[in-house]
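Each chain gets a letter, A, B and so on, in the order the sequences are listed, and its residues count up from 1.
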Number of protein chains: 2
Amino acid sequence: MCSEVSETAARELAPIAHHRRIPVGQVIHSEHQGLGSLAIIVSGVVKLVKAQRDGRLQIVGLQYAADFVGHPYAAKSSLIAEATTHLELCCFSRSAFETLMRNHPTLEQALYRRALNDLETAREWMFLLGRKTAREKVASLLVSIATRINRPLGGVGATAGKMALQFDLPLSRNEIADALGLTIETVSREMRSLKLAGVVSTAGRRSVTVLNPDLLRTIAEGDLD
Amino acid sequence: MCSEVSETAARELAPIAHHRRIPVGQVIHSEHQGLGSLAIIVSGVVKLVKAQRDGRLQIVGLQYAADFVGHPYAAKSSLIAEATTHLELCCFSRSAFETLMRNHPTLEQALYRRALNDLETAREWMFLLGRKTAREKVASLLVSIATRINRPLGGVGATAGKMALQFDLPLSRNEIADALGLTIETVSREMRSLKLAGVVSTAGRRSVTVLNPDLLRTIAEGDLD
DNA sequence: CTGGGCCTTTGATCTAGATCAAAGTGCAGA
DNA sequence: TCTGCACTTTGATCTAGATCAAAGGCCCAG
């Protein structure tokens with residue numbers, strides 16, 4: 001059930017893997033004593049948070065099923081990784097994994113490509129944080145979540161750009177605010193505005209239905225208003 | 001004169017490298033027709049820009065001497081890379097470099113580490129864009145530039161955290177604004193404020209002298225205001 | 001099924017930084 | 001050395017989103 005990272009290397013990966021279940025809110029690894037392990041997410045969502053002494057927070061990454069959490073070789077990284085939903089992980093000891101990596105170029109290359117993807121995603125988000133309006137930010141997050149939340153292990157490029165039309169937010173309003181560089185009040189108001197515009201509807205605290213995916217994407221891209 | 005990327009692989013790298021001089025403002029590669037080449041910066045500064053149809057810009061990365069521009073394997077990346085100063089590059093054809101990479105794990109690993117560094121830097125910047133005040137942003141950029149601008153090829157970890165006390169900004173006010181998610185007027189006002197506070201002084205449009213590096217760093221970290 | 005805490009929404013007001021508008025001023029070219 | 005203009009500074013005003021404040025309402029424990 002674990003992996004699908006690479007082809008032949010997967011066989012050697014399996015023996016050193018172990019499965020873990022993690023409750024909401026638990027910290028996977030924090031600061032640089034993230035010593036422990038590397039992991040692939042089997043199900044659930046992990047947020048990567050950068051925090052400052054004074055309490056300011058910024059979510060700098062969301063990892064979904066099939067994504068990696070933690071980086072081999074990475075020295076520092078002052079990040080906290082925390083489960084935002086119930087989580088199933090497939091964990092590897094860092095040292096065992098790095099050893100394996102050195103012997104399997106395909107594995108190393110797969111990880112390298114993931115790092116490049118993460119970098120691209122981070123830079124996309126930099127544009128959002130620096131230049132988008134609150135409304136565009138909220139719409140963008142919804143598109144991003146809808147596009148990634150239901151993609152199962154394996155379907156990396158296949159279902160590209162396909163939005164889920166109904167899903168549960170993996171984040172609280174507070175976490176959404178910390179992902180978008182906004183306050184929770186502004187997030188709430190922009191959600192309402194999108195509902196009034198008939199773009200989405202909600203039920204309970206977490207459930208979202210996308211009524212007009214094209215419009216949602218248009219708003220997210222800033223091609224409107 | 002080119003490289004110092006890795007140890008033994010450097011010998012094979014040299015033959016496929018060629019040197020290029022680039023004037024200010026020239027685009028190195030753009031969108032995904034960045035077909036051309038990968039490059040190591042010998043001297044000068046490159047900005048990585050993400051742009052939207054409506055003209056909004058965000059600088060999502062600055063690359064200095066010894067840094068790589070362009071990523072092997074990278075499929076997409078809707079980025080524009082442009083020289084913000086006069087530039088000397090050491091270029092490699094993408095295909096030749098990738099072939100070489102496949103045969104030299106040390107090279108691949110070196111690139112992987114660079115990608116992880118870029119990722120860490122991008123996430124640091126996400127915090128800045130999402131959660132710092134204008135004053136903190138400007139101070140942070142000055143610290144960042146002062147720390148990197150004079151570090152020559154090779155001195156990666158050695159001079160870590162050491163700020164140059166006098167340097168020329170590699171960016172115009174407009175570029176600074178696009179890096180920080182601000183307007184040029186706000187940048188100007190915050191610069192003045194830092195000058196009035198005796199933290200820095202300026203001469204001409206580009207030259208900056210850091211009068212109080214500790215205070216500058218403290219302001220950047222948000223431990224003060 | 002029911003009470004209460006906590007997350008969320010909604011409203012009123014404030015403000016950091018944007019926008020609009022005019023002067024300066026460094027600097028490349030004549 | 002001088003001149004033109006793009007870049008930058010400075011000032012006045014506006015506004016998107018923050019902050020402050022007060023209900024609601026979801027959801028879990030009992």
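When DNA chain D is scanned in the 5' to 3' direction for atoms under 4.0 Å from non-hydrogen atoms of chain B, the outermost contacting nucleotides are D/dA6 to D/dA12.
Salt-bridge annotation for B/Arg131 and A/Asp178: present, with a side-chain N of the basic residue lying under 4.0 Å from a carboxylate O of the acidic one.
For the side chain to side chain donor-acceptor pair (under 3.5 Å) test, no residue two or more places apart in sequence or in another chain qualifies with A/Lys137. Scanning for salt bridge (charged side-chain N to carboxylate O under 4.0 Å, His left out) contacts around A/Arg56 gives A/Asp54, B/Glu136, with sequence neighbours left out. Residues passing the salt bridge (charged side-chain N to carboxylate O under 4.0 Å, His left out) test with B/Arg217, sequence neighbours excluded: none. Among residues two or more places apart in sequence or in another chain, the ring-ring contact (aromatic ring centres under 6.0 Å, His included) test is passed with B/Tyr112 by A/Tyr73. The salt bridge (charged side-chain N to carboxylate O under 4.0 Å, His left out) test applied to B/Glu185 returns no partner, not counting sequence neighbours.
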- Query: How does protein reach along nucleotides 25-30 of chain C, written 5' to 3' as B (base within reach of a heavy atom under 4.0 Å), S (only sugar-phosphate), or - (no contact)?
  - Reply: BBS---
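DNA chain C is contacted by B/Glu185, B/Thr186, B/Arg189 of residues 184-198 of chain B, taking any non-hydrogen atom closer than 4.0 Å. Contact check of residues 164-179 of chain A against DNA chain C (heavy atom, cut-off under 4.0 Å) returns A/Ser172, A/Arg173, A/Asn174.
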Output side-chain donor-acceptor pairs under 3.5 Å for residues 195-205 of chain B, partner residues at least two apart or in another chain, one line each.
unit_1	atom_1	unit_2	atom_2	d
B/Lys195	NZ	B/Thr202	OG1	3.1

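When the local axes at the two ends of the helix from C/dC1-D/dG30 to C/dA30-D/dT1 are compared, using 5 base pairs at each end, they differ in direction by 50° after rounding to 10°.
Listed by first and then second residue, the salt bridge (charged side-chain N to carboxylate O under 4.0 Å, His left out) pairs involving residues 19-29 of chain A are A/Arg21-A/Glu88 (not counting sequence neighbours).
Within the 3.5 Å criterion, the main-chain N or O of A/Arg94 finds no donor-acceptor partner in the side chain of A/Ser37.
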- Task: Report the C-alpha separation of B/Lys162 and B/Thr147 in whole Å, then their side-chain angles, then the decisive distance to 0.1 Å, and conclude whether the side chain to side chain contact (heavy atoms under 4.5 Å, CB included) test is met.
- Result: CA-CA 6 Å; B/Lys162 224 27 171 205; B/Thr147 306; over 6 Å; no
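Residues B/Lys132 and B/Ser140 have side chains that bring a donor and an acceptor to within less than 3.5 angstrom of each other. Judged by distance alone, the side chains of B/Gln166 and B/Ser207 do bring a donor and an acceptor atom under 3.5 Å apart. A/Lys50 and A/Ser78 form a side-chain donor-acceptor contact under 3.5 Å, judged by distance and modelled atom types alone. B/Arg135 and B/Ser193 share a donor-acceptor pair across their side chains, judged by distance under 3.5 Å alone.
Within the 4.5 Å cutoff, side-chain heavy atoms of A/Val45 are placed close to those of A/Ile149.
Positionally, the nearest nucleotide of DNA chain D for B/Thr202 lies more toward the 5' end than for the other of A/Lys132 and B/Thr202.
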